[in-house]
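What you see is a predicted model, and the numbers here were worked out from it, not measured in a lab.
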Amino acid sequence: MAQRQAVVAAVRNRRAKKAYEDPLNTYARRHTDRVHASRMVELDEILEGRGQNGFVTLDGIGKKQIKREIRVEELMKKVGVRLHRSDKFLRLASLLIFFAMYVLALFLQKTPSSAFSVQISFLNTLILAMKGGQEGSTLILQSQSDIYSWLRENVLDTVFDDAVCGNGICEMPNEYPGFGRFGCVPDCGRYIRTSTITVDLKPFLETTRGQEFPRWDLSGIRTDLDAGFKYNIWSDTMDAFIWEENQKWGKEPVVAEVPDGEFTLHLYQTNPLSDKIDNSDIFSQIYVFPDTLMQRDSEFDYSYGDRKEVLATSAAVMRSISDHCWGGVLKDFDANCLKIPLLDTQLRVLGGYGLAGSVTMANGTRSRLTLVSVPFCSALPAGGVGLNGSENKAHWVESGVACPARRRYSGGGVSTTYDNMK
C-alpha cells in the first residue's frame with residue numbers, strides 16, 4: 001500500500017512540473033546552441049529589412065493594407081485642413097458683412113458731420129452752464145436735488161428743445177413741408193404732391209333719404225341704439241392715418257387733402273350692440289331663434305363686421321322702425337308701415353350693415369374718378385334690395401324655421417334663419 005501511494009505521488013509531481021514548465025526552457029532543452037544562433041541571425045535580418053522600408057509587419061498585417069491606411073490618414077488630414085480653412089473664411093466673411101451693415105446703418109441714421117455738430121453743441125452748452133464758462137471749469141452740487149435741478153434747467157430745457165412751428169426755422173427732421181395736420185407749412189412750406197379726395201359714407205337709414213314709394217324714406221326715424229360707425233384712411237406715404245381721430249359719418253361728404261401714394265380705408269364699429277339688445281328682441285325683430293345665435297368672436301371692441309353684431313344691429317334698426325310705426329300717436333302715423341311689406345323692410349335692413357358710399361377725386365373734368373366703392377355688409381346674398389332680389393327670397397325660404405307643432409311631431413331641431421352666417 002505504501003509503495004502504491006509513493007508511485008501516485010511521483011506521477012502527480014511529474015505532471016505538475018510538466019504543466020508549469022517555461023516554454024523558453026523547453027525550447028532550449030530541445031535545440032542546440034547552433035540552432036539558437038542561426039535563428040537569432042535570421043530574426044535580425046528580417047527586422048533590419050522591415051525597418052529600412054518604414055514599417056514592420058506585425059500580427060499578419062500586409063504591406064498593401066498599411067500603405068492604404070497611410071493614404072487614408074493623409075487624406076483625412078488634408079480634409080481637416082480644408083474644413084478648418086473654410087470655417088475661418090466663413091467667419092471672416094460674416095464679420096465683414098456685419099461690419100458693412102453696421103456702418104451703413106450708422107450713415108443712414110445720421111450723417112457724421114451732423115452727429116459731430118450735435119455733440120459739440122451739447123458739450124458747449126454744458127460748459128457754459130458751469131462756473132467760468134470755459135474748458136476746465138468746475139461745478140459743485142451739494143445734494144441730489146441740486147443735480148436734478150441743474151439737469152432740468154441746463155440740459156432738458158436748453159439742449160432738448162422741441163421744434164416750434166412758426167418760429168421761421170425749418171428744424172428737420174421734426175419739421176418738414178406739410179399739408180393738413182402733417183408737417184409745418186409756415187416754416188417749411190407746402191408739400192406739393194397732394195390730391196383732394198371726397199369721402200361720402202353713410203349708414204343704411206341715411207341712404208334712404210329722399211326715397212319715395214315703393215321705397216321708404218327712413219332717415220327721419222329716431223334710433224335709441226347707435227352702432228357708432230366710423231372710418232379713417234391710412235396713408236402709406238405718411239405711415240399714419242390722415243385724421244388724428246376716427247371720423248363719424250355725416251350728412252354731407254367730407255373733403256380731405258391727402259398725399260399721393262397708396263391708401264387703405266379702415267371701417268370701425270365703436271359701440272357694440274350685441275350686449276345691449278336681448279336675444280328675445282333679435283327673435284321678435286328678425287326671427288332668429290336665440291338658440292341659433294352665434295357668439296361674438298371679434299378680437300377687439302372696434303371690430304367691423306362681426307357676425308353677431310350684424311344681427312344685433314339689424315334687430316336694433318328694426319325695433320326703431322317698429323317704434324316709429326306703432327309707438328306714436330295716430331295723427332303721426334306713417335302710411336308706409338302698411339303699404340310696404342314688413343318682410344321687404346326686414347330684408348333691406350339685413351342687407352344694410354355698416355357704412356356704404358364711395359371715395360372719389362377730381363379728374364380734370366365734370367365727372368369724378370371713383371377710387372373705391374364701399375357696399376354694405378349683408379346677411380343676405382343680394383344685399384339690401386329686399387323682395388326685388390330673387391336670391392333673398394330663395395334664401396329666406398330655404399332657411400325658414402318649421403313651426404313648433406310640426407317640429408314636435410317630426411322630432412326635428414331648430415334650424416338657424418341665416419345659415420350662411422355660421
Side-chain angles (χ1 to χ4, degrees), residues 202-208 215-230 249 267-298 301-328 334 336-338 340-356 375-387 389 392-393 395-404 414-422:
K202 294 180 176 61
F204 169 74
L205 295 180
E206 188 61 27
T207 58
T208 64
R215 296 295 181 90
W216 193 354
D217 185 351
L218 301 171
S219 59
I221 292 180
R222 184 181 62 86
T223 56
D224 55 345
L225 290 177
D226 182 16
F229 294 118
K230 295 184 179 182
W249 65 271
L267 302 174
Y268 308 97
Q269 179 183 346
T270 60
N271 183 26
L273 300 185
S274 58
D275 57 350
K276 298 179 177 62
I277 185 170
D278 295 335
N279 292 340
S280 58
D281 287 340
I282 295 178
F283 170 72
S284 63
Q285 299 300 331
I286 58 176
Y287 307 142
V288 178
F289 272 90
D291 294 340
T292 65
L293 288 173
M294 68 290 295
Q295 296 297 321
R296 192 175 191 275
D297 58 357
S298 300
D301 293 341
Y302 280 18
S303 180
Y304 183 88
D306 181 85
R307 296 178 297 175
K308 179 68 177 295
E309 289 297 330
V310 172
L311 296 180
T313 303
S314 300
V317 173
M318 284 302 304
R319 189 172 68 180
S320 298
I321 295 175
S322 298
D323 292 342
H324 168 75
C325 289
W326 318 111
D334 190 342
N336 288 323
C337 297
L338 296 177
I340 299 178
L342 177 63
L343 178 58
D344 181 77
T345 303
Q346 289 175 328
L347 294 179
R348 293 181 187 277
V349 171
L350 285 168
Y353 169 86
L355 299 175
F376 285 120
C377 291
S378 176
L380 299 173
V385 298
L387 290 174
N392 289 341
K393 291 186 288 185
H395 182 77
W396 187 270
V397 173
E398 181 181 355
S399 60
V401 178
C403 64
V414 179
S415 60
T416 176
T417 305
Y418 304 106
D419 294 329
N420 65 320
M421 298 192 64
K422 274 192 171 182

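- At least one side-chain heavy atom of Q346 sits under 4.5 Å from a side-chain heavy atom of L343.
- Legend: residues meeting salt bridge (charged side-chain N to carboxylate O under 4.0 Å, His left out) with D217, ordered by chain and number and at least two apart, are absent.
- Scanning all heavy atoms of the two residues, the minimum distance from A356 to P375 falls at CB-C, 4.0 Å.
- For the side-chain contact (heavy atoms from CB on, under 4.5 Å) with S320, the lone residue among T223, L225, L205, V349 that qualifies is T223.
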Test side chain to side chain contact (heavy atoms under 4.5 Å, CB included) applied to D344 and L347, step by step | CA-CA 5 Å; D344 181 77; L347 294 179; 5.8 Å; no
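- Summarising the geometry of L311 relative to I286, their closest heavy-atom pair is O-CD1, 3.6 Å, with the distance given to 0.1 Å.
- Across G228 and N271, no two heavy atoms sit closer than the pair N-CB, 4.2 Å.
- Annotation for I277 and A315: closest pair CD1-CB, 3.8 Å, computed over non-hydrogen atoms.
- A salt bridge links R319 with D224: at least one charged nitrogen is closer than 4.0 Å to a carboxylate oxygen.
- In this structure, the separation between CG on D306 and SG on C377 is 11.0 Å, given to the nearest 0.5 Å.
- In this pair, Y304 and Y353 present their aromatic rings tilted. The plane angle is within the 30 to 60° band.
- The CH2 atom of W249 sits 8.5 Å away from the NZ atom of K202 when rounded to the nearest 0.5 Å.
- When each of L355, L350, T207 is tested with F376 by the rule side-chain contact (heavy atoms from CB on, under 4.5 Å), just one qualifies, namely T207.
- The two atoms that bring L342 and M318 nearest to each other are CD1-CE, 3.7 Å, heavy atoms only.
- Looking at residues two or more places apart in sequence or on another chain, you find a side chain to side chain donor-acceptor pair (under 3.5 Å) between E309 and Q269, S274, R296.
- Between the side chains of W216 and D334, at least one donor-acceptor pair of N or O atoms lies under 3.5 Å.
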Yes or no on side chain to side chain contact (heavy atoms under 4.5 Å, CB included) for F204 and T313, after CA distance, side-chain angles and deciding distance?
-> CA-CA 11 Å; F204 169 74; T313 303; over 6 Å; no
